[in-house]
Structures are given as C-alpha cells and as structure tokens.
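Have a look at the structure below before the remarks.
The basis for the numbers below is simple: all heavy atoms, side chains too, and nothing from hydrogens, waters or symmetry mates.
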Amino acid sequence: MNRYIAEAAGTALLVFFGVGAAVFGLAQIGTLGVALAFGLVLLTLLYAIGPVSGAHLNPAVTVGFLVARRISATEAGVYIVAQVIGGFIGMGVIRLISTAGAVEMQVNGANSYGERINVGGAFLLEVIMTFMLVLVWLMVTRGNDVYAFDGLAIGLTLALVHLIGIPLTGTSVNPARSIGPALFGGSTALSQVWLFIVAPLVGGVLAALTEQSLRTSSLRTPNEPAPEVRSPR
C-alpha cells in the first residue's frame with residue numbers, strides 16, 4: 001500500500017510543481033524555467049520516493065516497466081490508478097490556489113495541439129519524446145529501483161524533452177499529467193486529451209521493446225574461432 005500512496009502523492013507533487021510553474025510563471029521564467037521545474041521535481045522525487053515505489057509517477061513509464069517485465073500487471077494497474085488520482089489532486093490544488101489566492105493563471109496547464117502543430121505532428125512528437133524518456137529510464141535502471149546517478153539522467157531527460165515540446169503541445173509524455181489539467185481545462189482540452197493518453201503509452205511500449213532488444217544484443221558475442229592448441233615441443 002505504501003507504494004501506491006507514494007505514486008499518488010508523488011504524481012500530485014510532480015503536477016503541482018511542474019504544471020504550476022507554467023500556470024503561474026510561464027511569462028516570468030519562460031520555457032527553460034518550466035522545463036527545469038519538471039526535470040528538477042522529478043529528480044528530487046526519484047531519490048525521495050524511488051526506494052518506496054520506483055517513483056514512476058507516469059502511466060507511460062509504468063506500462064514500459066510492465067512490457068519489460070519489471071512489474072506485474074496487477075501492480076501496474078494500481079500504479080496507474082494512483083497516478084491519475086495524484087495528477088487530478090495536483091491540478092486541483094493549483095486551481096484552489098488560483099481561486100482562493102486570486103492569482104491569475106497565465107495558461108490553463110492543459111496540453112493541446114492545433115495552434116502550432118496539427119494532430120498528426122503532435123501524436124508523433126509525443127511518441128518520440130516519451131520513447132526517449134522511458135528508454136533512458138529503462139536503460140539506466142535495474143529492476144524497479146533507482147540508484148546513484150540514475151535519477152540525474154532521468155530528470156535531465158524530462159527537462160530536455162520539455163524544451164522542444166512546450167512550444168508545440170505543452171509536453172505531456174505522461175497521461176496522468178494531462179488528464180488532471182484537461183478535467184479542469186474545458187471542452188477543448190477534454191476533446192484533445194485522448195492524444196496525450198495514447199501517444200505516451202505507445203512511446204512507452206516502443207521504448208520497452210527497444211530496451212529489451214538492446215540488452216539482448218549486448219549479451220550476444222560473435223562466434224570466435226577456437227584458440228589454436230599447440231603441442232609442446
């Protein structure tokens with residue numbers, strides 16, 4: 001149970017600090033600032049709750065771990081439910097602060113397409129960005145644990161994909177990050193959220209299949225001729 005609570009709480013914090021940076025400070029800190037906010041909050045949470053649950057905080061990551069056989073189907077299902085609930089809570093707190101504190105929201109925090117990129121381009125972009133994130137995650141970790149510099153590589157990767165994704169889709173790469181803001185974002189956000197659920201899951205599956213292929217290939221050794229045996233003189 002602690003693992004599932006950790007996933008819900010961690011996802012809520014990821015959404016609150018990451019999406020909150022965009023909602024309240026995009027004009028002041030810009031794309032780089034928001035990208036760093038997402039990367040840094042994931043980095044800290046990986047070390048804080050990674051020993052408890054692995055700190056997936058993202059259904060696409062969990063699906064990647066499921067395909068890579070590092071987590072059971074039952075665990076993956078409960079992880080995903082906890083993550084979606086956490087994302088909703090995180091966005092709910094943002095809206096509460098905005099309403100109760102009379103703080104203007106510069107953007108609504110929901111992912112979208114159509115203004116600078118069409119639906120096909122947005123889908124492909126989200127698949128590629130999620131593929132990058134989940135592949136790095138799977139390659140630098142073993143099992144479901146985070147050790148040493150694993151968290152640094154993962155956190156920097158999340159910041160990296162946000163640099164290209166924010167101007168185009170707002171960067172999802174995480175269905176739980178997208179569902180919460182969409183529920184608060186109105187009809188347009190709700191009509192488009194399917195893309196930010198499906199594309200990251202596709203990217204996560206492709207990353208897991210690629211990781212398995214790379215690891216299998218690394219275990220193979222080329223056929224070498226047997227060493228020549230010379231009889232003693």
Do [X] and [Y] sit in the same hydrophobic cluster, where Ile, Leu, Val, Met, Phe, Trp and Tyr count as joined when their side-chain heavy atoms come under 4.5 Å apart?
| X | Y | result |
| --- | --- | --- |
| Met105 | Val93 | yes |
| Leu43 | Val15 | no |
| Leu45 | Val161 | yes |
| Tyr113 | Leu163 | no |
| Leu156 | Val134 | no |

Restricting to non-hydrogen atoms, name the atom on [X] and the atom on [Y] that form the minimum distance, rounded to 0.1 Å.
| X | Y | result |
| --- | --- | --- |
| Ser191 | Trp194 | O-CD1, 3.1 Å |
| Gly143 | Phe65 | O-CE2, 3.2 Å |
| Arg215 | Leu138 | NH2-O, 2.9 Å |
| Val41 | Leu13 | CG2-O, 4.0 Å |

| Would Thr141 and Ile154 satisfy side chain to side chain contact (heavy atoms under 4.5 Å, CB included), going step by step from the backbone distance to the final call? | CA-CA 10 Å; Thr141 58; Ile154 297 166; 4.2 Å; yes
| query | Which side chain to side chain donor-acceptor pair (under 3.5 Å) pairs, counting each pair once, include a residue from residues 173-188, with sequence neighbours left out? | reply | Asn111-Arg177, Asn111-Ser178, Ser172-Ser178
| request: Write out all pairs satisfying side chain to side chain donor-acceptor pair (under 3.5 Å) with one or both partners inside residues 115-135, taking only residues at least two apart or from two chains. | output: Glu126-Thr169
Hey, could you give me the [atom1]/[atom2] distance between [X] and [Y], rounded to the nearest 0.5 Å?
| X | Y | atom1 | atom2 | result |
| --- | --- | --- | --- | --- |
| Ile117 | Leu168 | CD1 | CG | 5.0 Å |
| Leu158 | Leu40 | CG | CG | 10.0 Å |
| Met129 | His162 | CE | NE2 | 8.0 Å |
| Leu42 | Trp137 | CG | CH2 | 5.0 Å |
| Leu57 | Thr11 | CG | OG1 | 4.5 Å |
| Thr171 | Ile164 | OG1 | CD1 | 8.5 Å |

| said: Applying ring-ring contact (aromatic ring centres under 6.0 Å, His included), can you list everything that pairs with Phe131, at least two apart in sequence or on another chain? | reply: none
| Residue list, ring-ring contact (aromatic ring centres under 6.0 Å, His included) with Phe16, at least two apart or on another chain | none
| query | Ignoring hydrogens and geometry, is there a side-chain-to-backbone donor-acceptor pair from Thr157 to Ala153 under 3.5 Å? | reply | yes
| request: Could you tell me whether the side chain of Ser98 and the main chain of Ile94 form a donor-acceptor pair under 3.5 Å? | output: no
| request: Take Ile80 and Val63 through the test side chain to side chain contact (heavy atoms under 4.5 Å, CB included) and record every step on the way to the result. | output: CA-CA 9 Å; Ile80 291 171; Val63 167; 4.1 Å; yes
Less than 3.5 Å apart, which donor and acceptor atoms pair up between the side chains of residues 22-36 and the rest of the protein, not counting sequence neighbours?
unit_1, atom_1, unit_2, atom_2, d
Gln28, OE1, Gln106, NE2, 2.8

| query | How about Pro175 and Asn58: do any of their side-chain heavy atoms sit closer than 4.5 Å? | reply | yes
| said: Are Asp150 and Asp145 packed together at the side-chain level, in the sense that at least one heavy-atom pair is separated by less than 4.5 angstrom? | reply: no
| task | Quick one: which residue pairs count as a ring pair (Phe, Tyr, Trp, His ring centres under 6.0 Å) with a foot in residues 72-107, not counting sequence neighbours? | result | Tyr4-Tyr79, His56-Tyr79, Phe88-Phe184
Name all pairs fulfilling the salt bridge (charged side-chain N to carboxylate O under 4.0 Å, His left out) condition that reach into [range], sequence neighbours left out, sorted by first residue then second.
| range | answer |
| --- | --- |
| residues 37-62 | none |
| residues 11-27 | none |
| residues 68-81 | Arg3-Glu75, Arg70-Glu211 |

| said: Please enumerate all residues that pass side-chain contact (heavy atoms from CB on, under 4.5 Å) together with Ala189, with sequence neighbours excluded. | reply: Ala110, Ala182
| Other cluster members, Ile128 - Ile/Leu/Val/Met/Phe/Trp/Tyr, side-chain contacts below 4.5 Å | Leu124
Using atom types as modelled, flag every donor-acceptor pair under 3.5 Å from a side chain in residues 46-54 to any protein atom, sequence neighbours excluded.
unit_1, atom_1, unit_2, atom_2, d
Tyr47, OH, Ala148, O, 2.5
Tyr47, OH, Gly151, N, 3.4
Tyr47, OH, Leu152, N, 3.4
Ser53, OG, Glu7, OE2, 2.6
Ser53, OG, Ala55, N, 3.1

